[in-house]
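Structure first, commentary second.
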4 protein chains.
Amino acid sequence: MTIDEDCKRGTPRRKAERPTEILHAAFEEFVLTGYAATRLEDVAARAGVTKGTIYFHFQNKENVFNQMVRELSKPMHQRTQQFLDENQHCGIEFLSSYLDFSYAEVLEDRHAREILRLLIAEATRFPDLVDEHFQYVLHPVFMRLQQTLADGVRDCRIRNTPAATCPDLLLSPMLALNVFLLVFADRKPIDPKKHLEAAKDLILYGLLPRKA
Amino acid sequence: MTIDEDCKRGTPRRKAERPTEILHAAFEEFVLTGYAATRLEDVAARAGVTKGTIYFHFQNKENVFNQMVRELSKPMHQRTQQFLDENQHCGIEFLSSYLDFSYAEVLEDRHAREILRLLIAEATRFPDLVDEHFQYVLHPVFMRLQQTLADGVRDCRIRNTPAATCPDLLLSPMLALNVFLLVFADRKPIDPKKHLEAAKDLILYGLLPRKA
Amino acid sequence: MTIDEDCKRGTPRRKAERPTEILHAAFEEFVLTGYAATRLEDVAARAGVTKGTIYFHFQNKENVFNQMVRELSKPMHQRTQQFLDENQHCGIEFLSSYLDFSYAEVLEDRHAREILRLLIAEATRFPDLVDEHFQYVLHPVFMRLQQTLADGVRDCRIRNTPAATCPDLLLSPMLALNVFLLVFADRKPIDPKKHLEAAKDLILYGLLPRKA
Amino acid sequence: MTIDEDCKRGTPRRKAERPTEILHAAFEEFVLTGYAATRLEDVAARAGVTKGTIYFHFQNKENVFNQMVRELSKPMHQRTQQFLDENQHCGIEFLSSYLDFSYAEVLEDRHAREILRLLIAEATRFPDLVDEHFQYVLHPVFMRLQQTLADGVRDCRIRNTPAATCPDLLLSPMLALNVFLLVFADRKPIDPKKHLEAAKDLILYGLLPRKA
DNA sequence: TATGAATGAGCTTTCATTCAT
DNA sequence: GATGAATGAAAGCTCATTCAT
């Protein structure tokens with residue numbers, strides 16, 4: 001009976017998850033060969049359906065890519081939002097927390113890592129995706145970092161210096177680590193924990209005033 | 001007379017330069033749409049020749065891409081080598097010089113900038129190119145930075161700290177700037193000079209001992 | 001009613017027969033111009049489909065040729081096998097029967113005739129097809145002819161002579177007729193029945209002992 | 001000096017032979033892959049010249065094929081003519097001589113053998129070549145064989161029988177041997193001498209009257 | 001004579017997309 | 001919902017042919 005029930009529920013539940021399964025299959029294929037070289041037929045095969053099924057759920061290939069990026073970015077968006085929410089009003093300690101957080105994102109979420117690569121590669125073809133990513137992930141973080149730096153300078157907890165007006169620098173090590181991992185991992189082994197430690201060391205020490 | 005001579009040499013010189021012209025046309029097209037989506041016919045049109053001509057000079061599309069990256073990377077390779085040669089034995093001033101140099105590369109050489117993007121995007125399909133790039137550009141720089149940091153620590157001119165063992169950090173701002181310029185330039189205007197100034201400030205201040 | 005039923009079944013049946021239809025169209029085109037000069041587009045047009053459809057059912061042009069030869073040879077294989085089965089243990093009368101049979105094959109089955117030409121023409125490119133043809137058609141016949149000749153010699157119904165050890169000679173007139181028909185038919189009209197009669201006359205008379 | 005002279009004579013002599021060299025190179029390539037699949041570039045490379053040179057000596061690819069068949073057939077034409085001339089008025093011994101001659105042609109002249117294959121393969125595309133071949137090689141032989149058989153029957157040295165009116169049969173073994181050698185040589189080793197002996201045995205015995 | 005560069009038509013093959021079932 | 005057959009536009013690549021030198 002339980003089995004029967006499972007079966008009965010099983011099929012519709014699976015059906016409801018079809019689109020998601022297709023998007024995950026699409027992710028793997030797009031990561032493997034990039035947008036243009038990916039064949040919808042391979043996506044279908046990986047998802048265990050046929051090409052026609054994809055067109056039942058999505059309008060076309062572009063739409064699959066768009067939906068895929070949105071679907072696979074969602075957790076990252078949510079975690080980022082949650083991180084920002086949970087770390088309001090914590091002063092310059094936010095800088096250290098953010099470095100921890102951003103490194104964890106890159107290191108522990110393959111989706112996040114590879115989607116950045118896809119966005120870099122296909123930025124020209126999918127400007128709207130880039131916009132979305134910027135709007136939902138980067139911009140809020142930038143704003144908060146900028147605010148944190150400004151507050152720190154005002155409180156004299158951070159040096160009044162060019163670096164304090166450039167929140168980009170706080171993203172740089174993570175971005176670079178990502179590129180290193182994606183592109184040069186085979187030639188140049190990287191120890192991400194040491195990388196993070198060094199980045200925190202450099203950035204925090206570099207921002208704090210001498211007497212701090 | 002000079003004009004006549006130029007004219008006379010003109011045609012053969014053009015013929016000899018055809019492959020290079022094609023590679024430059026290929027660069028523009030590959031940058032525009034990526035490897036897979038680029039049509040060799042468009043490359044030909046841009047170079048002012050026909051498809052057949054491309055296949056007279058190159059074996060196939062992959063070969064065009066490979067040769068293109070090599071050709072367009074050559075100046076960058078040479079400048080990098082020259083920079084390393086001219087800045088031997090200059091102590092920790094090398095760090096500052098390198099930041100200046102690397103930022104100049106990214107900002108002033110569109111080829112260097114876009115080829116990095118192409119390498120990131122097509123790393124899976126062209127692992128050999130990534131190897132070459134690493135070997136000729138990144139690896140020598142890494143080695144020198146590492147040495148410089150180690151020397152600086154020994155001389156007590158640089159703090160003995162995790163950051164001093166991670167030359168990656170010295171590349172990070174330039175890499176990140178590159179990504180920002182390539183991907184987010186439209187949404188987030190960047191002032192590269194301020195960026196450089198801030199990076200130098202942060203890195204140098206962060207590495208030097210307090211009493212130095 | 002029967003017509004209606006036929007009509008209703010018509011469409012799916014046609015779909016199931018598509019590959020076969022394509023192979024028959026391919027036969028005509030390959031016969032007309034040979035393998036290399038045949039355009040798959042013409043094959044498609046003749047079959048009433050588009051180029052893409054061919055690639056849905058077959059891997060590539062070579063595969064179309066291979067399958068075509070197999071498909072169109074099948075009847076010949078079967079008739080040959082059937083002939084061998086039905087003519088066991090019939091002594092040297094088998095020789096005469098076989099001449100009748102082989103001439104009928106060549107004369108009445110245009111497929112058999114032209115496929116021989118294609119195999120001759122494309123033997124270098126399709127060695128496997130030649131192997132198959134040899135294995136399924138020629139070899140069994142050879143074996144039986146050889147056995148028949150040997151038995152005949154032992155029974156003194158056939159002369160003990162070099163010709164009795166060379167079954168090739170029993171195939172020769174048919175092969176030659178085929179070549180004449182394929183190549184020289186326009187210049188040299190041939191009466192196949194007279195040809196067969198003469199061949200039987202020559203071969204049988206040449207093999208039988210004088211007092212037989 | 002001698003060297004100089006050799007050089008001086010050498011070049012023009014070679015130049016005069018260029019077209020012939022090209023035709024021999026063409027033969028090898030056409031034999032290898034057939035007319036349509038042969039690239040003039042490969043012909044040129046084999047002849048040690050460039051594509052352009054071929055077009056200096058020949059109008060186009062078809063012309064190369066035509067000239068090649070003519071050039072490479074010439075010796076066969078001449079030997080055939082010579083054979084016919086030298087064997088006039090020799091009665092039915094001519095039959096035996098002709099079998100010897102035709103087998104020798106096939107076995108000892110690879111050109112003759114392969115050109116037959118090319119004619120079979122490309123008969124549709126080059127009807128004029130087939131005509132020429134028929135006119136210069138086959139027809140004269142046919143006529144003579146027919147005459148010889150008729151004379152033999154009149155003289156009662158040959159049976160008055162259907163086989164005596166079908167000179168095709170006298171060509172059959174040689175034609176079949178050719179096909180066997182060209183197509184099935186790898187699968188079915190053939191002893192040409194035994195084949196010839198058997199053919200002569202069968203044909204002559206089959207044609208001669210019993211009391212002869 | 002001979003060459004090498006260039007052409008352009010044409011071919012095989014791919015694949016996003018459609019649609020009857 | 002899902003499928004498989006079919007399409008057709010387009011892309012990579014080939015190669016006979018031309019021609020300035």
Side-chain angles (χ1 to χ4, degrees), chain A residues 11-12 14-16 18-19 36-44 47-64, chain B residues 8 11-12 14-16 18-19 22 36-44 47-64, chain C residues 11-12 14-16 18-19 22 36-44 47-64, chain D residues 11-12 14-16 18-19 22 36-44 47-64:
Chain A
T11 317
R14 278 212 73 190
K15 281 189 181 176
R18 269 286 146 80
T38 289
R39 302 159 18 139
L40 245 24
E41 185 140 27
D42 290 341
V43 173
V49 299
T50 60
K51 252 194 299 185
T53 306
I54 293 183
Y55 280 88
F56 183 79
H57 293 287
F58 305 94
Q59 298 153 30
N60 53 31
K61 191 180 173 184
E62 278 204 9
N63 186 242
V64 171
Chain B
K8 276 179 186 168
T11 317
R14 278 214 81 184
K15 278 191 182 176
R18 266 289 142 77
I22 291 171
T38 289
R39 305 166 14 160
L40 244 25
E41 186 144 25
D42 290 340
V43 173
V49 298
T50 61
K51 252 189 305 182
T53 306
I54 294 184
Y55 282 90
F56 181 76
H57 292 287
F58 304 94
Q59 298 153 28
N60 52 32
K61 191 178 171 182
E62 277 204 10
N63 186 243
V64 171
Chain C
T11 317
R14 280 213 79 185
K15 277 192 182 175
R18 267 287 144 78
I22 291 171
T38 288
R39 303 164 15 154
L40 243 25
E41 184 144 27
D42 290 340
V43 173
V49 297
T50 61
K51 258 188 298 182
T53 306
I54 294 183
Y55 282 89
F56 181 77
H57 292 288
F58 305 94
Q59 298 153 28
N60 51 33
K61 191 177 171 183
E62 278 204 10
N63 187 243
V64 171
Chain D
T11 317
R14 279 212 74 189
K15 280 189 181 177
R18 269 285 147 79
I22 290 171
T38 289
R39 300 156 22 135
L40 244 25
E41 184 139 29
D42 290 340
V43 173
V49 298
T50 60
K51 254 194 296 185
T53 308
I54 293 183
Y55 280 88
F56 182 81
H57 293 288
F58 305 94
Q59 297 151 31
N60 52 31
K61 191 178 173 184
E62 280 204 7
N63 186 244
V64 171

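Below, chains carry the letters A, B, ... as their sequence lines are ordered, and counting in each starts from 1. Just the heavy atoms: all of them, side chains too, but no hydrogens, waters or symmetry mates, feed the values below.
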Rounded distance in Å - CD (D:E62) to C1' (F:dC15): 15 Å
Phosphate contact (F:dG4 OP1 or OP2) by C:H57 side-chain N/O below 4.0 Å: no
Least distance between heavy atoms, D:I22 atom then D:F58 atom: CG2-CE1, 3.7 Å
Straight-line distance of A:I54 CD1 to A:E41 CD, nearest 0.5 Å: 9.0 Å
Atom pair distance, as rounded to whole Å: CD1 in C:I22 and P in F:dT7: 9 Å
Nearest-angstrom distance from the residue atom CG of A:L40 to C1' of E:dT18: 13 Å
Paired nucleotide for E:dA20 [Watson-Crick or G-U wobble; both distances under 3.5 Å]: F:dT3
Any D:Y55 side-chain nitrogen or oxygen under 4.0 Å from OP1 or OP2 of F:dT18: no
Shortest side-chain distance from D:K61, nucleotide among F:dT17, F:dC13, E:dA5: F:dT17
Nearest-nucleotide comparison on DNA chain F, the residue closer to the 5′ end among D:N60 and A:V49: A:V49
Spacing between A:K51 atom NZ and F:dA2 atom C1', to the nearest angstrom: 15 Å
Nucleotide E:dA2, atom P - distance to CZ of D:F58 in whole Å: 11 Å
Interatomic distance, D:F56 CZ vs E:dT1 C1' [rounded to whole Å]: 5 Å
Spatial distance of atom CG (A:L40) from atom OG1 (A:T50) [nearest 0.5 Å]: 11.0 Å
B:R18 side-chain N/O to E:dA6 phosphate OP1/OP2 under 4.0 Å: yes
Nearest non-hydrogen partners of D:A36 and C:A36, listed with the distance: CB-CB, 3.5 Å
CZ-NZ distance between C:R39 and C:K51, expressed to the nearest 0.5 angstrom: 8.0 Å
D:R39 vs F:dT14: side-chain N/O to OP1/OP2 distance below 4.0 Å: no
Most 5' of C:T38 and A:A37 on DNA chain E, judged by nearest nucleotide: C:T38
Which residue lies more 5' along DNA chain E, comparing B:I54 with D:T50 via nearest heavy atoms: D:T50
N/O (side chain, A:T53) to phosphate O (OP1/OP2, F:dA2) under 4.0 Å: no
Atom pair distance, as rounded to whole Å: CD in C:E41 and C1' in F:dA10: 13 Å
